[in-house]
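All remarks here apply to the structure that follows.
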Amino acid sequence: MSGRRGRISDDEINELISKLQALLPESSRRRNASRSSASKLLKETCTYIKSLHREVDDLSERLSGLMATMDNDSPQAEIIRSLLR
């Protein structure tokens, strides 16, 4: 880091941008093959995180619905509970 406390160097920013870009799905990485701006990358990352939240909510609802139709003492219910631990 540079001499000022709390400041981050351009090299550190570039490294963080690269790491963040690597976490995005393959399709986003291909779209951004050329070096994109940090602002654009952050917006795409926020969009991706929001989509993950929606997917988790949908899966939670589906799992709740499935569990509601099962006998709590069934082997299938036990398997699902063990996976959620």
Side-chain angles (χ1 to χ4, degrees):
M1 251 194 217
S2 66
R4 285 192 200 163
R5 190 178 195 145
R7 298 271 315 188
I8 186 167
S9 72
D10 287 345
D11 287 342
E12 289 170 314
I13 289 172
N14 290 334
E15 182 181 341
L16 290 170
I17 288 171
S18 293
K19 287 179 180 179
L20 185 56
Q21 194 169 27
L23 295 173
L24 292 176
E26 187 65 33
S27 59
S28 292
R29 282 187 277 178
R30 261 186 264 116
R31 252 194 337 262
N32 294 320
S34 62
R35 188 174 175 329
S36 62
S37 70
S39 173
K40 183 176 179 183
L41 181 63
L42 289 172
K43 286 176 186 175
E44 288 183 13
T45 302
C46 289
T47 299
Y48 180 57
I49 290 170
K50 287 176 187 175
S51 75
L52 290 175
H53 279 286
R54 283 192 300 270
E55 189 173 343
V56 166
D57 289 344
D58 179 55
L59 291 172
S60 293
E61 281 182 37
R62 290 170 58 190
L63 180 59
S64 293
L66 178 62
M67 291 297 289
T69 64
M70 295 180 121
D71 175 6
N72 278 338
D73 297 325
S74 72
Q76 294 88 352
E78 183 54 39
I79 290 169
I80 292 172
R81 279 194 295 275
S82 71
L83 291 172
L84 295 174
R85 287 185 198 133

Give the table of side-chain donor-acceptor pairs shorter than 3.5 Å for residues 78-85, with sequence neighbours excluded, one pair per line with atom names and distance.
{"residue": "E78", "atom": "OE1", "partner": "R81", "partner atom": "NH2", "Å": "3.1"}
{"residue": "E78", "atom": "OE2", "partner": "R85", "partner atom": "NH2", "Å": "3.1"}
{"residue": "R81", "atom": "NH1", "partner": "N72", "partner atom": "O", "Å": "3.2"}
{"residue": "R81", "atom": "NH2", "partner": "N72", "partner atom": "O", "Å": "2.8"}
{"residue": "S82", "atom": "OG", "partner": "I79", "partner atom": "O", "Å": "2.7"}

Query raised in the report: Out of curiosity, does I49 fall in the hydrophobic cluster containing L23 (side-chain heavy atoms, cut-off under 4.5 Å, transitive links)?
Result: no

Distance-only criterion, 3.5 Å: show the donor-acceptor pairs between side-chain atoms of residues 59-68 and protein atoms not counting sequence neighbours.
{"residue": "S60", "atom": "OG", "partner": "V56", "partner atom": "O", "Å": "3.0"}
{"residue": "S64", "atom": "OG", "partner": "S60", "partner atom": "O", "Å": "3.0"}

**Report entry** Smallest separation among heavy atoms of A38 and I17, with atom names
**Finding:** CB-CD1, 3.4 Å

Requested in this report: Please report the shortest heavy-atom distance between K40 and S37, naming the atom on each side.
Outcome: N-OG, 3.1 Å

Query raised in the report: Would you say the side-chain atoms of N14 pair up with the backbone N or O of D10, donor to acceptor, closer than 3.5 Å?
Result: yes

Query raised in the report: Looking at SG of C46 and CG of L41, how far apart are the two atoms once the value is rounded to the nearest 0.5 Å?
Result: 9.5 Å

Query raised in the report: With a 4.5 Å heavy-atom cut-off, do S51 and E55 have their side chains touching?
Result: no

Requested in this report: Kindly indicate whether the side chain of L24, heavy atoms from C-beta on, has any atom under 4.5 Å from the side chain of L20.
Outcome: no

